[in-house]
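Structure first, commentary second.
Computed from a prediction, not measured in an experiment: that's the story for all the values here.
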There are 2 protein chains.
Amino acid sequence: MPDDQKNLTIYKIAELSGVSVSTISRVINNSPYVSAKTKAHVTDIINKYHFSPSSVARAMNSNHTQTLGVIVSDITNPYFSELYLEIQRYAVDFGYSIILCNTFYGGSNHGVSDAIPEKTYFQMMLDKKVDGVLILGGEIDRDTISDSYKEALNRMGRQIPVVILGQSVPDCSCTFLNRNISGGISALIHHLLALGRRRIGFVGGEEGIRTTTARLAAFTQTLKNLAISFDPSLISLSNYYAPDGYRAMAKLLEQTETTPSAIICINDAVAQGAIRAIVDKGLRVPEDISVVSCDQFPSGEYTCPRLTTLDQQNSYLGRMSIMTLISAINHDSEGINISHEPHLIIRESCGARLGFQFER
Amino acid sequence: MPDDQKNLTIYKIAELSGVSVSTISRVINNSPYVSAKTKAHVTDIINKYHFSPSSVARAMNSNHTQTLGVIVSDITNPYFSELYLEIQRYAVDFGYSIILCNTFYGGSNHGVSDAIPEKTYFQMMLDKKVDGVLILGGEIDRDTISDSYKEALNRMGRQIPVVILGQSVPDCSCTFLNRNISGGISALIHHLLALGRRRIGFVGGEEGIRTTTARLAAFTQTLKNLAISFDPSLISLSNYYAPDGYRAMAKLLEQTETTPSAIICINDAVAQGAIRAIVDKGLRVPEDISVVSCDQFPSGEYTCPRLTTLDQQNSYLGRMSIMTLISAINHDSEGINISHEPHLIIRESCGARLGFQFER
DNA sequence: CTTTTTCATGGTATCGGTATCAAAGCCATT
DNA sequence: AATGGCTTTGATACCGATACCATGAAAAAG
């Protein structure tokens with residue numbers, strides 16, 4: 001049986017075919033400078049032995065590896081995994097494979113405590129000679145970025161294309177895709193006001209993280225513009241997961257004197273935790289408190305009650321991220337403007353679809 | 001400023017240091033055959049220019065890339081992402097990076113239709129010369145495995161270590177970690193019976209997939225052993241996500257004449273969908289129907305009601321998977337026996353923790 | 001029928017490291 | 001001073017592809 005062997009090289013195929021390595025290379029790369037006869041013969045041998053050229057050797061003198069690095073803080077977070085799905089799809093289409101780097105930064109509740117510094121991954125990306133790096137979240141999302149982090153990031157950015165999904169940081173040798181982080185908050189508030197909710201709280205997210213800071217700023221600003229009194233005891237931050245939402249909501253209910261009539265959560269996981277905390281206090285959603293969220297997760301359509309939330313168009317963001325990176329690698333373009341406007345998904349947790357109209 | 005440059009090689013460092021490349025290589029690899037003085041000098045230059053050796057060139061003659069391939073069907077599925085987290089953690093500890101391969105096989109509801117054949121990824125893994133491959137799920141989980149798939153899998157298995165988390169398939173040149181797929185079903189049924197539930201249905205999972213087939217078999221077998229009548233109209237399969245749970249549950253409620261008193265779901269996402277379907281029919285969980293699940297997801301603790309479910313010890317499985325693969329690469333051992341017993345987490349959706357005791 | 005052009009093929013340097021071998025320098029011993 | 005052993009260093013083949021140049025054969029042009 002003409003079986004495949006380990007460590008088949010172009011030299012062995014040349015030997016088996018009775019031609020030179022140059023010819024084998026030509027056949028592999030579909031060069032026109034091979035006779036039909038030779039090509040057919042070599043192709044037969046290649047198929048027979050299931051030969052396929054080593055990407056490592058190819059990378060050696062082409063200086064590109066057809067590999068991309070993707071850095072995320074936590075792939076169990078639906079926000080990141082949804083982005084990843086889209087990225088993976090396009091990467092394969094364009095012939096790239098992806099090295100996924102999970103930094104464990106930002107602490108989910110998964111029992112893993114120590115984060116892997118992004119600097120470690122930056123160096124790894126450089127050593128592995130990936131063709132480009134995509135950063136979806138992590139240390140770059142901090143309000144204040146340390147000099148040493150920035151230095152490491154810039155060192156990488158000077159050597160290979162780096163695309164960052166988030167919001168621009170000054171003096172970075174990277175391409176930024178500016179997410180409209182705070183968009184939609186105003187729509188959320190207006191929707192709640194229209195339902196008769198005026199005492200609105202904000203739950204979840206982490207202090208010092210740009211998403212949280214920006215959304216919180218949009219929250220307070222919108223209230224101010226509408227001349228609605230702002231009560232700091234209605235704000236309770238923690239983190240981005242269901243247990244955090246539970247904890248933050250429970251804390252909010254304890255620290256405030258008057259129960260809020262509505263809560264805006266940083267994302268659907270937090271909203272789920274918050275609802276659970278409200279229910280555990282013997283209150284009802286949406287009858288007593290309306291709960292809405294800023295970032296749609298797939299599960300939000302199946303909770304009790306279903307979540308009113310914002311669609312951040314994550315598939316679109318994922319697609320734009322990978323396309324921008326590939327463009328940067330091919331020097332096709334110099335930065336792409338993305339325009340995504342979060343849009344309101346009205347379901348049950350605000351009360352609207354259940355026909356409630358509240359008075360206060 | 002002594003700044004770093006692009007494409008720094010060992011040759012340039014040799015030139016800058018005034019020694020030979022051999023010496024640079026020795027310094028990098030901590031060889032004892034370098035004088036302290038030379039070592040210090042070269043180290044200074046390396047640090048000054050931020051030189052780090054190319055992994056590609058190293059792979060060229062060491063024949064290992066310090067890279068692993070991980071193949072999953074859908075990383076947005078918490079089962080896979082939880083496994084991945086553990087795998088990533090240990091991989092980095094042992095100096096490996098991970099190429100993640102998402103096959104889109106098994107259709108979630110994410111709008112992506114066409115799966116990427118695993119064969120495509122197998123070839124990619126071979127070409128990229130990864131040191132080992134870990135398959136967490138996908139085509140291997142089918143009840144019947146096609147010859148062409150098996151052939152491609154075996155070809156890969158003969159060249160590099162391949163570890164598969166699931167259940168053994170005959171005549172495969174891979175190491176299997178046999179998950180106890182059907183374990184815990186019996187515990188679930190006994191728990192429901194103790195609560196007074198006898199008319200038990202099964203919801204979710206996909207026909208022709210081993211997890212589903214095995215759990216369904218354990219389900220019917222346990223009922224048979226207990227001499228409980230088995231009603232095929234109480235079984236409704238679909239897939240592994242919340243929308244599938246919703247759909248399957250709605251269908252079950254339509255197709256059966258007598259409403260079931262309990263439902264066992266394939267996992268927590270499906271359970272969430274099923275609960276939603278039950279509630280939409282105007283029934284209550286757990287008062288009218290108890291709902292339990294076979295596979296714990298983190299969100300299950302924050303649903304309304306909280307889910308009674310089985311802990312499959314996914315962290316343990318992830319850890320064993322990566323450790324087994326690394327052992328196989330190092331020829332340290334020949335297969336590891338894993339012992340994980342799913343254990344029952346009693347919460348609200350069955351009724352037990354809410355103090356219900358049902359009669360029938 | 002010779003010369004020129006085109007086509008097909010082979011030989012070899014190269015990418016950036018590591019491994020192996022050879023050799024030079026240094027010190028102590030005889 | 002010559003010898004031997006140890007430390008330290010340098011030169012070069014090699015890993016598996018591709019790129020470039022050279023060459024031989026066949027076809028077209030003179």
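- When the P atom of C:dG16 is taken as reference, atom CD of B:Glu15 falls 13 Å away, rounded to whole Å.
- Taking atom NE2 of residue A:His64 and atom P of nucleotide C:dG16, one finds them 14 Å apart after rounding to whole Å.
- Of the candidates C:dG10, C:dG17, D:dG16, the closest approach to any side-chain atom of B:Ser54 belongs to C:dG17.
- Between B:Thr23 and D:dG10 there is a side-chain polar atom (N or O) within less than 4.0 angstrom of OP1 or OP2.
- Both the sub-6.0 Å distance and the 45° axial angle are satisfied by B:Arg89 relative to the ring of A:Phe104.
- With D:dT18, C:dT9, D:dG16 as the choices, the nucleotide that has an atom nearest any side-chain atom of A:Val34 turns out to be C:dT9.
- Atom C1' of nucleotide D:dT12 and atom CD1 of B:Ile24 are separated by 17 Å, given to the nearest angstrom.
- Set against C:dT12, C:dT9, D:dA17, the side chain of A:Val21 has C:dT12 as its closest nucleotide.
- Here the C1' atom of nucleotide D:dA22 and the OH atom of A:Tyr33 are 15 Å apart, to the nearest Å.
- Map A:Pro32 and B:Asn61 each onto its nearest nucleotide of DNA chain C; the residue landing nearer the 5' end is A:Pro32.
- Within the model, atoms OH of B:Tyr121 and CG of B:Leu126 stand 15.5 Å from one another, a figure rounded to the nearest 0.5 Å.
- We find that NZ of B:Lys37 is positioned 8 Å from P of D:dT9, with the value rounded to whole Å.
- One interatomic measurement links the two molecules: CD1 of A:Ile28 to P of D:dG16, which rounds to 13 Å at whole-angstrom precision.
- When distances are taken from the side chain of A:Arg26 to each of C:dT9, D:dG10, D:dT18, the shortest belongs to C:dT9.
- Once rounded to the nearest 0.5 Å, the distance linking CG of B:Asn102 with CG of A:Leu85 reads 5.0 Å.
- Of the candidate nucleotides D:dT8, C:dG16, D:dA17, C:dG16 has the atom lying nearest to any side-chain atom of B:Ala57.
- When the side-chain nitrogen and oxygen atoms of A:Asn63 are compared with OP1 and OP2 of C:dC15, none of them lie within a distance under 4.0 Å.
- For B:Asn29, the CG atom sits in a packed shell: over 12 heavy atoms of surrounding residues, nucleotides or ligands are nearer than 6.0 Å.
- Computed from coordinates, the A:Asn29 CG to D:dC20 P distance equals 13 Å when rounded to whole Å.
- Within the structure, every side-chain polar atom (N or O) of A:Ser35 is placed at least 4.0 Å from both OP1 and OP2 of C:dC7.
- An OP1 or OP2 oxygen of C:dT9 is reached within less than 4.0 angstrom by a side-chain nitrogen or oxygen of A:Thr38.
- Counting non-hydrogen atoms under 4.0 angstrom, B:Val19 reaches the backbone sugars and phosphates but no base.
- The environment of NZ in A:Lys150 is crowded: more than 12 heavy-atom neighbours from other residues, nucleotides or ligands sit within 6.0 Å.
- With hydrogens and angles ignored, a donor-acceptor pair closer than 3.5 Å exists between the side chain of B:Ser22 and the base of D:dA11.
- Comparing atom distances between the A:Met60 side chain and each of C:dC15, C:dG17, C:dG10 picks out C:dC15 as nearest.
- Straight-line distance from the CG atom of B:Leu126 to the P atom of D:dA17: 12 Å, rounded to whole Å.
- Map B:Lys129 and B:Tyr11 each onto its nearest nucleotide of DNA chain D; the residue landing nearer the 5' end is B:Tyr11.
- The distance from the CE atom of B:Met125 to the OG atom of A:Ser97 is 6.0 Å, given to the nearest 0.5 Å.
- Taking only side-chain nitrogens and oxygens, A:Ser25 comes nearer than 4.0 Å to OP1 or OP2 of D:dT18.
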